[in-house]
Amino acid sequence: MACCVLVAMIVARLRQLLGLGGPTRKGGPSLVLLLGLAAVELGIAWAIARGLTENAGMSMHPMAGETSHLALMLQLMLLGVGVPVLLARLFPARDRSYRPGARRQLFAATLAAPTVLWFWHLPAAHDHTGSAWQIVRGGTVLVTGVAFWRCVLGAGRRVAPPAARQIAVIVAGQANALLGLALLLTTDPLHGGGDGLWGLSAVADQRAAGALMLVVEIGVMVPVLASLNAQRQAARPQVTLRMPQPHH
């Protein structure tokens with residue numbers, strides 16, 4: 001997540017330098033903290049990438065119906081982010097007041113969405129390529145994605161406070177960012193990997209899948225975090241201090 005925030009900051013800075021506008025960064029984590037967190041993220045992602053490719057190397061064998069990792073990621077991002085965000089925007093909640101149970105619902109959705117996404121990237125999940133498994137995969141990603149984004153965007157019956165929704169986006173975004181970085185840093189084909197889309201090699205295809213996930217992370221989750229932060233700031237009570245007036 002820190003890597004995505006840093007990229008977003010660089011893009012915003014470039015927009016300013018090119019005269020295309022872009023807000024200036026006020027408050028938030030310091031640049032040193034973000035760089036430190038980004039270094040930790042890259043280290044963990046590299047370890048995950050090594051683990052995935054080492055396991056794949058021990059069990060690599062030709063498979064029928066091998067799926068491009070990029071094609072799979074396109075499907076997962078569409079079902080897990082694109083469609084849920086669109087539905088949440090088209091059908092907003094009529095009553096956006098906070099209600100009991102909203103935090104529990106948000107917590108459950110925050111755990112479910114990344115867990116399902118990670119599950120379908122496990123080597124064992126790639127062994128099942130039948131149409132029934134594809135339906136189950138698409139359905140689980142869509143259901144958990146809709147549940148998560150309805151909670152985050154306040155489209156459900158229960159709306160959690162902006163601060164709680166910010167934490168949920170950071171937690172889910174961190175899980176997704178680690179997976180995207182791991183795919184981007186791979187140097188060997190993953191289990192079940194074949195030739196990718198548009199003639200890409202297996203490694204280039206899975207790296208493109210990781211890059212796609214990070215692009216979605218920057219393009220969707222970073223603006224959502226900024227919007228939730230603005231809501232949180234607006235909800236804070238404004239305290240004004242007045243000096244006592246002298247009596248005449």
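Note that these values count all heavy atoms, side chains included, but never hydrogens, waters or copies made by symmetry. What you see is a predicted model; the values in this text were computed from it and never measured.
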Would a single hydrophobic cluster contain both [Y] and [X], if residues Ile, Leu, Val, Met, Phe, Trp and Tyr are joined by side-chain heavy-atom contacts under 4.5 Å?
{"X": "Val171", "Y": "Phe107", "result": "no"}
{"X": "Leu76", "Y": "Trp133", "result": "yes"}
{"X": "Ile135", "Y": "Leu79", "result": "no"}
{"X": "Val40", "Y": "Leu178", "result": "yes"}
{"X": "Leu111", "Y": "Leu106", "result": "no"}

So do [Y] and [X] actually touch side chain to side chain, heavy atoms under 4.5 Å?
{"X": "Met73", "Y": "Leu183", "value": "yes"}
{"X": "Val169", "Y": "Leu228", "value": "yes"}
{"X": "Arg165", "Y": "Ile170", "value": "no"}
{"X": "Arg207", "Y": "Leu70", "value": "no"}

Nearest 0.5 angstrom please: [X] [atom1] to [Y] [atom2], how far?
{"X": "Gln75", "Y": "Arg137", "atom1": "CD", "atom2": "CZ", "result": "4.5 Å"}
{"X": "Trp149", "Y": "Thr144", "atom1": "CH2", "atom2": "OG1", "result": "12.0 Å"}
{"X": "Leu72", "Y": "His121", "atom1": "CG", "atom2": "NE2", "result": "5.0 Å"}
{"X": "Leu86", "Y": "Phe91", "atom1": "CG", "atom2": "CZ", "result": "8.5 Å"}
{"X": "Ile167", "Y": "Arg103", "atom1": "CD1", "atom2": "CZ", "result": "9.0 Å"}
{"X": "Ile44", "Y": "Leu181", "atom1": "CD1", "atom2": "CG", "result": "10.0 Å"}

Identify the heavy atoms of [X] and [Y] that sit nearest to each other, and give their distance.
{"X": "Ala49", "Y": "Ala182", "answer": "CB-O, 3.3 Å"}
{"X": "Gly173", "Y": "Met221", "answer": "CA-SD, 3.5 Å"}
{"X": "Ala102", "Y": "Ala160", "answer": "CB-N, 3.6 Å"}

Could you tell me whether a side-chain N or O of [X] sits under 3.5 Å from a main-chain N or O of [Y], the two making a donor and an acceptor?
{"X": "Asp205", "Y": "Leu200", "value": "no"}
{"X": "Thr186", "Y": "Asp188", "value": "no"}
{"X": "Arg150", "Y": "Ala155", "value": "yes"}

Inset, instruction - Quick one: list whatever passes side chain to side chain contact (heavy atoms under 4.5 Å, CB included) with Pro223, sequence neighbours left out. - result: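 Scan of Pro223 (side chain to side chain contact (heavy atoms under 4.5 Å, CB included), adjacent residues dropped) gives none.
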Legend entry - With Val136 via side chain to side chain contact (heavy atoms under 4.5 Å, CB included) - residues at least two apart: Trp120, Thr140
Legend entry - Qualifying residue, where the test is side chain to side chain contact (heavy atoms under 4.5 Å, CB included) with Val152 and the options are Val224, Leu225, Thr110: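 Among the candidates, only Val224 passes.
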Legend entry - Side-chain H-bond candidate by donor/acceptor type, Gln174 with Glu41, under 3.5 Å: yes
